Amino acid sequence: MLRLLRLLLLLLLLPPPGSPEPPGLTSLSPGAPPQAPDLLYADGLRAYAAGAWAPAVALLREALRSQAALGRARRDCGARCAAEPGAALPVVLLDAPGPDSGPGPAQGAWERLLLRAALRRAECLTQCGAQRLGPGGAARLRVGSAIRDAFRRREPYNYLQRAYYQLKKLDLAAAAAHTFFVANPTHLQMREDMAKYRRMSGVRPQSFRDLETPPHWAAYDTGLELLGRQEAGLALPKLEEALQESLAQMESCRAGCEGPEEQQRQEEEEEGAGSQGGLYEAIAGHWIQVLQCRQRCVGDTATRPGRSFPVPDFLPSQLRRLHEAYAQVGNLSQAVENVLSVLLFYPEDEAAKKALNQYQAQLGEPRPGLRPRENIQRFILRSLGEKKQLYYAMEHLGASFEDPDPWTPAAFIPEALREKLREDQEKRPWDQEPPQQKPLTHWKDVLLLEGVTLTQDARQLNGSDRAVLDGLLTPAECGLLLQLAKDAAEAGARSGYRGRRSPHTPHERFEGLTVLKAAQLARAGAVGRQGAKLLLEVSERVRTLTQAYFSPDRPLHLSFTHLVCRSAIEGEQAQRMDLSHPVHADNCVLDPDTGECWREPPAYTYRDFSGLLYLNDDFQGGDLFFTEPNALTVKAQVRPRCGRLVAFSSGGENPHGVWAVTRGRRCALALWHTWAPEHREQEWTEAKELLQEPEEEEEMPSRDPAPEPPSRRLQRIQDKAGKPPRVREEL
C-alpha cells in the first residue's frame, strides 16, 4: 500500500501531457525530505519492466534526487556538528601514540574526554539528520552496497534514456544516454544508442550533455581550455572554482565515511573474517576504517567519471596552474600565495622555488603577509595527522593502508615500514612503467642480417618511437600468407568476431586469424601447413627486429598476433565518412578532449610496442596515419605494401588510425609486444607445439565417398587432443 501511494504521488507530480519538460533531470519535489533511494530505484525498475514509462521516469528521477539530497545532508550535518561546542575531539587524542610520546592525561581522563565528545557529536548528528531527512535520519535511508554501486555507475540513466525515448522526449533521452555513457565508455550497446541519437533529426548537438558532471571537473576542464587558448584572465575564475569545488567534493566524500553504509561494510567484513577483540579493539578497528575511507577520498575526487585511476597530484597540479596564470596577468601576490602552497606539498620542488624567487624579485620588497593558502594548510595538516595514525596502525596493529599521495614526507613513515614499501614499489609490474627510449646500439646489424631497410625514422614520421621498415617479406611470402587468410576465411575461421562485420565500421567485413587457430586449421587440412608455419616464423622475425630497434637492452615478448583482413562492402562506399579503424592508442584510453591517455582497462595496459606488417597494396584507401593527441591533426601517413613494417611504442605518444578501405581487401599482420613475461602469448607456444607434431596417419575411407567437412574434422582433432577451441576477442 505504501508503494502504491508513493507511485500515485509521483504521478501527480509529473507535468501534464504536452507541457515542456524542464531542462535536465530537475527535482520533482524540491524541499521535501528525501525518500529511501533504494526503494524508489526498485519501484522504478518494476515500472520500467512493465512498460509504464511515465511512472518509471518519475520514480528513477526521484531516486536520483533522494540519493543526492542524502549526500548533501550528511555533508552539511557533519560540518555543523564538527563545529558544535563540546563535540570536537580533544587535540591530545588525535595524535598517534609513539615511543617518544610524553605522559598523557591522568588515568581514565582521556576516556571521559573522548566519550563526552563522541556522545555530544552523536547527539548533534542524530538531531540534524532528523531535521534534514525526517525521523530516523540517515540510518533510516541506509543504502546497500549493490545500490550504491549502481548509482556510482549511473545505471538509472541507462533506464531513463530508454523510458524518455518511449515517451518521445528525444532531447532528454540523449542527455540521459550521454550521462550514462560518460561513466561507462566501454558500454557497447550505449555506444550504438548514442550513434542512433546523433542521426535523429529531433536531437540537437547541445542535447548531449552530462547531467551529473561534478562541479570541480566542469570548472577544471573549462579552465584548462581557456589556458590552452592563452586566456589566463578568463581561466583564473574557473581554476579558482575548480580548486574550491575539489576541496568541497573531498569534504562531501569524507562525510560519507562516517555514514551507516561504511559501518555496514565493516560489519560485513568482520563477520566474514570472524571478529575478535573487545571494546578498544572495536573502536580502533572502526576508526582505522574511517581514516582509510577519508584518505581514499583524495583519489576518488581526482578520478574522472568513467575512469579507473585518478589524475596524479591533482591538488598540487591545480596550484601550479594557478600561480602560473596569476603571474601571466601580473597578479604577483596571488602567484606567491599559490606557489608557496605548492611548496607545502613539495618543499624541494626546484621549479616552484625558482618561480618563487622570480616573483619575489619582481615584487621588489619583502611581503611578510604573503603566506600559503589557509585551506591548503588545513588540508595538509589534517591529512598528515591521519596518515601518521594509519602508519602507526600498519606497524603495530597489522592494518593495511595504501597512501594515495606521492608527497607524503618520508619522516611520517616508520622506519620498519620504509624498507617494505620500497620493496613493494620495486616489485611493481612493468606495465605500470611508461615506455622508455633506448639507445639504438644493435639494430643496424640486425637489419643488415635480415636484409631489411629503414625507410622512415621517428623524425621523418613527425613523432617519437616510431619507424617504417621495408623488406621483411618477399612477394612469395606475402602471397602465401594471403592464401592462408583466404583459406581460413573460407573454412569459417574469423577469430574473435564470430563472422560479424567489422567491429569498427559497418561498411567493411573483418576477418581475423590467430596463430593457434591457423595451426588447428592446418592440422585439420583446411589450410596449408606451410602458411601456418610461416605465420609463426614471421611473427618471431618482427619481434626480433622490434626489440633490436626499440629495446636492445630489455627483452620483448610477443603478446598477441593477429592476421587481419578488411574488405570494402560493395554498394556501401558512397559518401562514406567514417574510418576503417578510429584513432586510438594501444595501451591506454585516449581522451581527445584533454589530450590525455589513461593507462587503464579496457585498454591492454601491458602492451609496450606495436607492429603492423602489411601483405598487399591492391586496394583503395586503408592507409595508416598518426595524429596529435587530439585525434584530429594528422602528423604522418604510411601507405601499406608487401613486406612493410610500421613499428611504434603503444602509448599515448602514438595515436593512430586507418583510413576507410573503399575498394578491395587489405591484409596485415598485427603484432603487440610486452616487456612483461607473464603476458607473453601462450597460444604462440601451443601453435608451435601443434605444428611440430607429426601429421595423423590416413584413416580408412568410409563408405560415403563425400569428403568430411573441414570444420567437423577440426572438431574431431580437438576432441582427441582434449583441448577445447579457444577464441580471442580482440577489439
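Here the structure is a predicted model, which is why all the values come from computation and not from measurement.
- A 4.5 Å side-chain heavy-atom check between R148 and F151 finds every atom pair outside the cut-off.
- A donor-acceptor pair shorter than 3.5 Å can be found between the side chains of N630 and T633.
- Between the side chain of E245 and the backbone N or O of W217 there is no donor-acceptor pair closer than 3.5 Å.
- With N654 contributing its side chain and A585 its backbone, the two residues share no donor-acceptor pair below 3.5 Å.
- Here D349 pairs with R320 in a salt bridge; the nearest charged N to carboxylate O distance falls below 4.0 Å.
- A salt bridge links E251 with R382: at least one charged nitrogen is closer than 4.0 Å to a carboxylate oxygen.
- Under the 3.5 Å distance criterion, the side-chain polar atoms of R599 are matched with a main-chain donor or acceptor of T605.
- Side-chain contact check for E212 and Y157: at least one donor-acceptor pair (N or O, by modelled atom type) lies under 3.5 Å.
- Nearest approach of L224 to L239, heavy atoms of both residues: N-CD2, 4.5 Å.
- Taking the six-membered ring for Trp, F412 and Y391 have ring centres at least 6.0 Å apart.
- Scanning all heavy atoms of the two residues, the minimum distance from L590 to P655 falls at CD2-CB, 4.0 Å.
- In summary, R321 and E324 do not engage in a salt bridge, as defined by a charged side-chain N under 4.0 Å from a carboxylate O.
- The ring pair (Phe, Tyr, Trp, His ring centres under 6.0 Å) check on Y359 picks up H323, with sequence neighbours excluded.
- Taking the side chain as every heavy atom from C-beta outward, P629 and P592 never approach each other to under 4.5 Å.
- Within the structure, no pair that satisfies the side-chain hydrogen bond (donor to acceptor under 3.5 Å, both in side chains) test touches residues 223-232, not counting sequence neighbours.
- Residues satisfying the side-chain contact (heavy atoms from CB on, under 4.5 Å) test with S246, not counting sequence neighbours, are H216, T301, F314, L315, Q318.
- Partners of R204 under the side-chain hydrogen bond (donor to acceptor under 3.5 Å, both in side chains) rule, at least two apart in sequence or in another chain, are D171.
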Working for disulfide bond (SG atoms under 2.5 Å apart), residues C588 and C597: CA-CA 5 Å; C588 53; C597 205; 2.1 Å; yes
Side chain to side chain contact (heavy atoms under 4.5 Å, CB included) evaluation trace for R373 with R378: CA-CA 9 Å; R373 303 175 72 120; R378 290 194 300 270; over 6 Å; no
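- Using a distance-only test at 3.5 Å, with no hydrogens or angles considered, no donor-acceptor pair links the side chain of D591 to the main chain of E596.
- Both tests hold for K387 against W407: distance to the six-membered ring centre under 6.0 Å, angle to the ring axis within 45°.
- For the pair M250 and F379, the minimum side-chain heavy-atom distance is below 4.5 Å.
- Comment: R294 does not engage D300 in a salt bridge, judged by the lack of any side-chain N to carboxylate O separation of less than 4.0 angstrom.
- A distance-only check finds no donor-acceptor pair linking the side chain of D405 to the backbone of T408 [under 3.5 Å].
- Using modelled atom types and a 3.5 Å distance limit, the side chains of S333 and E337 yield no donor-acceptor pair.
- For Q292 (side chain) and S400 (main-chain N/O), a donor-acceptor pair under 3.5 Å exists by modelled atom type.
- Judged by distance alone, with hydrogens and angles left aside, the side-chain atoms of N331 form a donor-acceptor pair with the main-chain N or O of Q334 at under 3.5 Å.
- Every residue two or more places apart in sequence or in another chain was checked for a side-chain hydrogen bond (donor to acceptor under 3.5 Å, both in side chains) with R72, and none qualifies.
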Residue pair K353, E348: steps toward the side chain to side chain contact (heavy atoms under 4.5 Å, CB included) verdict: CA-CA 8 Å; K353 290 195 290 187; E348 302 302 322; 3.3 Å; yes
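- Partners of E600 under the side-chain hydrogen bond (donor to acceptor under 3.5 Å, both in side chains) rule, at least two apart in sequence or in another chain, do not exist in this structure.
- Atom CD of E374 has 12 or fewer neighbouring heavy atoms from other residues, nucleotides or ligands inside a 6.0 Å radius.
- Shown here is R371, whose CZ atom has no more than 12 heavy atoms of other residues, nucleotides or ligands within 6.0 Å.
- Counting only distance, with no hydrogens or angles, the side chain of T179 and the backbone of L211 share a donor-acceptor pair below 3.5 Å.
- R304 has its side chain within reach of D221: a pair of non-hydrogen atoms, C-beta onward, lies under 4.5 Å apart.
- With no hydrogens or angles considered, a side-chain donor-acceptor pair links E240 and Y326 at under 3.5 Å.
- With contacts defined as side-chain heavy-atom distances shorter than 4.5 Å, the pair L344/L340 does not qualify.
- Cysteines C297 and C257: SG-SG separation is not under 2.5 Å.
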